[in-house]
> 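Take a look at the following structure, please.
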Amino acid sequence: MLLQGKTVIVSGVGAGLGHQVAAAVVRDGGQAVLGARTEANLAKSAAEIDPDGTHTAHRATDITDERQCEALAALAVERFGGIDAVVHVAARDSYFGGLADADFDTWAQVLDVNLLGTLRMTRACLPALKQRGGSVVLIGTQSAVAAPNEVQQAAYAASKGALTSAMYSLAREVGPHRIRVNTVLPGWMWGPPVQAFVTFTAHSEGVPEAEVRARLTARTALPDLATDGDVADAAVFLASDRARSITGQSLLVNAGELMR
């Protein structure tokens, strides 16, 4: 098992990718410490992943609040003795639009969550990570390097692009402590948000959902979209010792839509 005996903090656990990452951590032998703003979502996810509560812990956490980030890190240490990895799923991705109609106050909020919040949570975990080395896995987006035609998410893409840039400096900074920092860049990831997009678009255009989904897969080398489970598996690999010599890298998980 890739994460046997490892303790992994997963931020942003809800119904989609965060839940899949936490489930993959437990499946592969680890302990998952779940954080998100909504306690009910955390409790539901933990109960599904780990019914007897042996391999999970959770605490309501807003990553824009430094003390809450520190409290989540402390929970991992108190419950399981340390931290081996942190996977950052928490993000604000519901603000759409480009530059012409930009509300820069909202942009600032997006940046505060996606860039600064992720860095706050990382900093809170550093003391424990330095004790035995480990991994920081950032969840970025393909949109940061290749904007899609279907939607405009300039603020989200910019915040995630900045986070990827920060990755390089952070990897250099913490590398001497044997802490690795990498980014997973999902493309069109089949899970709740993309399912909602497909349903909405099909309803708006009066076409079958299969037609909308076919437009997305027409651009990929593989005949199916990557799923949130596929992205979770990539994150677990980067969190594991199998990736012990990989740092400062960005991994596209996109069924071959964009190749670099």
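Nothing here was measured: the structure is a model prediction, and the numbers come from that model. Residue indices begin at 1 and follow the sequence shown. We use all heavy atoms of the structure for the numbers below, so side chains are in, but hydrogens, waters and symmetry mates are not.
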> State whether the side chain of Ser135 and the backbone N or O of Leu238 hold a donor-acceptor pair below 3.5 Å, judged by distance alone.
yes
> Backbone N or O of Lys160 within a donor-acceptor pair of the Thr164 side chain at under 3.5 Å?
yes
> Check whether any side-chain N or O of Thr247 sits under 3.5 Å from a backbone N or O of Val181 as a donor-acceptor pair, and report yes or no.
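Checked: pair present.
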> Might you confirm whether atom CZ of Arg37 has over 12 heavy atoms from other residues, nucleotides or ligands at distances under 6.0 Å?
no
> Answer yes or no: is there a donor N or O on one side and an acceptor on the other, between the side chain of Thr217 and the main chain of Ala214, under 3.5 Å?
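Yes, because the side chain of Thr217 sits within donor-acceptor range (under 3.5 Å) of the backbone of Ala214.
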> For side-chain contact (heavy atoms from CB on, under 4.5 Å), just list the numbers for Leu251 and Leu185, CA-CA rounded to whole Å, side-chain angles, deciding distance to a tenth of an Å, and then say yes or no.
CA-CA 6 Å; Leu251 175 63; Leu185 301 174; over 6 Å; no
> Within a reach of under 6.0 Å around CZ of Arg172, are more than 12 heavy atoms found that belong to other residues, nucleotides or ligands?
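It does not: Arg172 CZ has 12 such atoms or fewer within range.
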> Are Glu209 and Thr199 packed together at the side-chain level, in the sense that at least one heavy-atom pair is separated by less than 4.5 angstrom?
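In contact.
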> To the nearest 0.5 Å, what is the distance between OG1 (Thr141) and CE (Met189)?
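That separation rounds to 9.0 Å.
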> Which one of Arg132, Arg178, Arg180, Lys130 satisfies the salt bridge (Lys or Arg N to Asp or Glu O under 4.0 Å) criterion with Asp84?
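So the option named by the test is Arg132.
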> In terms of hydrophobic clusters joined by side-chain contacts under 4.5 Å, are Phe197 and Val207 together?
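Looking at the clustering, Val207 is in the same group as Phe197.
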> For the residue pair Thr220 and Ala255, what are the closest heavy atoms and their distance?
CB-O, 3.5 Å
> Rounded to the nearest 0.5 Å, how far does CG of Asp62 lie from OG of Ser11?
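If we round to the nearest 0.5 Å, Ser11:OG and Asp62:CG are 11.0 Å apart.
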> When rounded to the nearest 0.5 angstrom, what distance separates CG in Leu42 from CD in Glu39?
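The distance works out to 5.5 Å.
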> Side chains of Gln142 and Asn254: is there a donor and an acceptor less than 3.5 Å apart?
yes
> Determine, stepwise, if the pair Asp112 / Arg120 fulfils salt bridge (Lys or Arg N to Asp or Glu O under 4.0 Å).
CA-CA 10 Å; Asp112 192 30; Arg120 285 186 196 98; 2.6 Å; yes
> Does NZ or CZ of Arg213 lie under 6.0 Å from the centre of the six-membered ring of Trp188, at an angle within 45° of the ring axis?
no
> Can you tell me if Thr118 and His88 form a side-chain donor-acceptor pair at under 3.5 Å?
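There is no such pair between these side chains.
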> To check you understand the geometry: which heavy-atom pair defines the closest contact between Val77 and Ala128, and what is its length?
CG2-CB, 3.9 Å
> For side-chain contact (heavy atoms from CB on, under 4.5 Å), just list the numbers for Trp190 and Asp228, CA-CA rounded to whole Å, side-chain angles, deciding distance to a tenth of an Å, and then say yes or no.
CA-CA 6 Å; Trp190 191 250; Asp228 51 11; over 6 Å; no
> For the side chain of Asn182 and the backbone of Gly248, is there at least one donor-acceptor N/O pair under 3.5 Å apart?
yes
> Do you know which two heavy atoms are closest between Gly35 and Leu72, and how far apart they sit?
CA-CD2, 3.9 Å
> Would the distance check show the side chain of Arg123 and the main-chain N or O of Glu70 forming a donor-acceptor pair, the cut-off being under 3.5 Å?
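Not a single qualifying donor-acceptor pair exists.
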> Walk me through it: do Leu216 and Leu225 pass the test side-chain contact (heavy atoms from CB on, under 4.5 Å)?
CA-CA 8 Å; Leu216 302 178; Leu225 296 178; 4.0 Å; yes
> Should we say atom CZ of Arg244 is surrounded by more than 12 heavy atoms from elsewhere, each under 6.0 Å from it?
no
> Does Leu129 share a hydrophobic cluster with Val87, counting links as ILVMFWY side-chain heavy atoms below 4.5 Å and allowing steps through other members?
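Each belongs to a different hydrophobic cluster.
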> Using side-chain contact (heavy atoms from CB on, under 4.5 Å), reason through Ser45 and Leu34 one step at a time and then give a plain yes or no.
CA-CA 9 Å; Ser45 185; Leu34 288 56; 3.9 Å; yes
> Any sub-3.5 Å donor-acceptor pair from Ser240's side-chain atoms to Phe237's backbone N or O?
yes
> Would Val194 end up clustered with Val212 when hydrophobic side chains under 4.5 Å apart are linked, directly or stepwise?
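Same cluster: Val194 reaches Val212 through Ile, Leu, Val, Met, Phe, Trp or Tyr contacts under 4.5 Å.
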> Are Leu126 and Val33 grouped together when hydrophobic residues (ILVMFWY) are joined by side-chain heavy atoms under 4.5 angstrom apart?
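Per the 4.5 Å side-chain linkage, Leu126 and Val33 are co-clustered.
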> Could you pull out the closest heavy-atom pair between Cys69 and Met121, with the gap in Å?
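Shortest heavy-atom separation between Cys69 and Met121 comes out as O-CE, 3.3 Å.
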> Can you tell me if CZ on Arg215 sees more than 12 non-hydrogen neighbours from other groups inside 6.0 Å?
yes
> Considering all heavy atoms of both residues, which atom of Thr54 and which atom of Arg79 are nearest to each other, and what is their separation?
O-NH2, 3.7 Å
> Do the side chain of Thr61 and the main chain of Ile63 share a donor and acceptor less than 3.5 angstrom apart?
no
> So, applying side-chain contact (heavy atoms from CB on, under 4.5 Å) with Val184, which one of Val21, Leu17, Asp230, Val137 is it?
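Per the side-chain contact (heavy atoms from CB on, under 4.5 Å) rule, the option paired with Val184 is Val137, out of Val21, Leu17, Asp230, Val137.
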> Among side-chain atoms of Gln31 and Thr7, is any donor-acceptor pair under 3.5 angstrom?
yes
> List the atom of Val89, the atom of Gly18, and the distance in Å for their closest heavy-atom pair.
CG1-N, 3.7 Å
> Would you check if the side chain of Asp50 reaches a backbone N or O of Thr56 as a donor-acceptor pair within less than 3.5 Å?
yes
> What's the separation between atom OG in Ser159 and atom CZ in Arg92, rounded to the nearest 0.5 Å?
10.5 Å
> Does the distance from a Lys or Arg side-chain N to an Asp or Glu carboxylate O, for Asp241 and Lys6, drop under 4.0 Å?
yes
> Counting only N and O atoms by type, is there a donor-acceptor contact under 3.5 Å from the side chain of Asp101 to the main-chain atoms of Gly98?
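Yes, because the side chain of Asp101 sits within donor-acceptor range (under 3.5 Å) of the backbone of Gly98.
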> When rounded to the nearest 0.5 angstrom, what distance separates CH2 in Trp107 from CZ in Phe104?
6.0 Å
> Between Thr183 and Gln249, does any side-chain donor sit less than 3.5 Å from a side-chain acceptor?
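No, no side-chain donor-acceptor contact under 3.5 Å.
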> Would you kindly confirm whether Leu222 and Leu252 end up in one hydrophobic cluster when ILVMFWY residues are joined by side chain heavy atoms under 4.5 Å apart?
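In one cluster: no.
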> Rounded to the nearest 0.5 Å, how far apart are CG of Leu3 and NE2 of His55?
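Interatomic distance, Leu3 CG to His55 NE2, rounded to 0.5 Å: 12.5 Å.
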> For the residue pair Gln131 and His177, confirm or rule out a side-chain donor-acceptor distance under 3.5 Å.
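No, no side-chain donor-acceptor contact under 3.5 Å.
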